[in-house]
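Worth knowing before you read on, the calculation uses all heavy atoms, side chains too, and leaves out hydrogens, waters and symmetry mates. Please read these numbers as outputs of a predicted model, since none were measured by experiment. Remember, it's 1-based here, ligands and their atoms both numbered in the order they're listed.
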Amino acid sequence: MHEFDLIQQYFTWTPAPKEVRVSVGDDAAIVQVAPNEELIISVDTLVNGVHFPLDTPAHAIGYKALAVNLSDLAAMGARPRWFTLALTLPKVDQSWLEEFSRGLKALASQAGIFLIGGDTTRGPLSMTIQVMGTAPKQQALLRSGAQVGDLIFVSGHLGDAAAGLAVAQERLSLANEDAKYCINRLNYPTPRIDLGTWLRGRASSCMDISDGLVADLKHLLKRSQVGAKLYHQQIPLSPALQKLNLSTALSFALTGGDDYELLFTAPKSFLAEIENYQSTSPLALSCIGEITSKIAELSIDYELVNLPDGYNHFQ
Ligand code: ADP
Ligand code: MG
């Protein structure tokens, strides 16, 4: 199959949204950006065997490659709009491409983001997606706004994806149903887009959890020049993780990666609104602690934490 036919068959989407004046097919794409909005841009690469196990289904790879990028837009409170895809393939395998593009498209149409261009090359399997989103001027959420006394929240449950990876690598055995659930959380993370946009004007800081709660919270603390105290009993664990012994479950939740939940801070006066949000959404939001004045210091149950910093590619 020729490269142009491949692009035409799998990556030329129609109809383009009206603000996309030129899409796949020219040397570059052209989009019209509204004057009252800011453009929010992020890029992430997924490498075979590093960011997903070698035997991950193509559909899941397509979904996850976009999901991890959408999670960054969610963390900024941005509305997803357009993306580009740089795809490196060892060979042209049409059934793989069919499944990959189906997974990609399923999430793209759900999230309202449109593929406007990319690049296709031969080599070891990897993909780089650049997402572009928009938010009203000055309203995007940053890591740097946490204030002393703010409450710290996370969405969903933590540690499921890390447990899923441990199951996939046969380091952990779980009951069938729980194993399925955790592997599904690993392969199909849910970008918390609606929560992110709802947090605009409410959260004082926000980020997504990709490398583990402890590692990511430390980044937020440094950017905000504050500290944090957490309480282990408030860390949200799924029913599957609650069946493990507590220290195993907590180590997945605190230092495991790939959760793609949102971690955010907000003033105490925000609690009532959170309860309100919870009543209209199936997504759990848990208050896990409070911001302190001790710069970059993290304690759990009053003990200072010096846990391994989550996943680091160069260790
Ligand atoms: P050029 O050589 O000018 O960079 P390419 O042959 O790489 O052009 O790409 C031709 C067109 O197809 C461009 O509009 C490019 O954005 C698009 N394209 C290439 N690969 C992909 C892909 N994997 N997904 C989406 N669009 C792609
Ligand atoms: Mg090119």
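A tilted orientation is assigned to the rings of His59 and Tyr188, their planes being inclined by 30° to 60°.
Ring centroid separation for the pair Phe270 and Trp198 comes in under the 6.0 Å cut-off.
Looking at Thr88, Asp119, Leu87, Val22, it is Asp119 that brings a heavy atom closest to atom 7 (O) of ligand 1. Compare Gly118, Ser101, Ala28 by their heavy atoms: the one nearest to atom 16 (O) of ligand 1 is in Gly118.
In terms of polar-atom proximity, Val24 is not counted as a contact of ligand 1, lacking any N or O under 3.5 Å from an N or O of the ligand. Between Thr120 and ligand 1, a contact under 3.5 Å exists for at least one N or O pair.
Near Glu3, the atoms of ligand 1 lying under 4.0 angstrom from a non-hydrogen atom of the residue are 6 (O). For ligand 1, the atoms closer than 4.0 angstrom to any heavy atom of Gly25 are 11 (C), 13 (C), 14 (O). For ligand 1 and Asp27, the ligand atoms under 4.0 Å from any heavy atom of the residue are 3 (O).
Remark: distances from the non-hydrogen atoms of Phe4 to ligand 1 include one below 4.0 Å.
Counting all heavy atoms, side chain and backbone alike, Ser205 lies closest to Ser144 at CB-N, 4.4 Å. Counting all heavy atoms, side chain and backbone alike, Gln147 lies closest to Ser204 at N-OG, 4.4 Å.
A salt bridge links Arg102 with Glu99: the closest approach of a Lys/Arg side-chain nitrogen to an acidic carboxylate oxygen falls below 4.0 angstrom.
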Criterion salt bridge (charged side-chain N to carboxylate O under 4.0 Å, His left out) on Arg122 and Glu3, from CA distance to verdict
CA-CA 10 Å; Arg122 190 184 291 267; Glu3 181 191 329; over 6 Å; no

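Contacts between Asp26 and ligand 1, counted as non-hydrogen atom pairs separated by less than 4.0 Å, involve the backbone only.
Residue pairs meeting the salt bridge (charged side-chain N to carboxylate O under 4.0 Å, His left out) criterion with at least one partner in residues 83-94, sequence neighbours excluded, do not occur; the list is empty.
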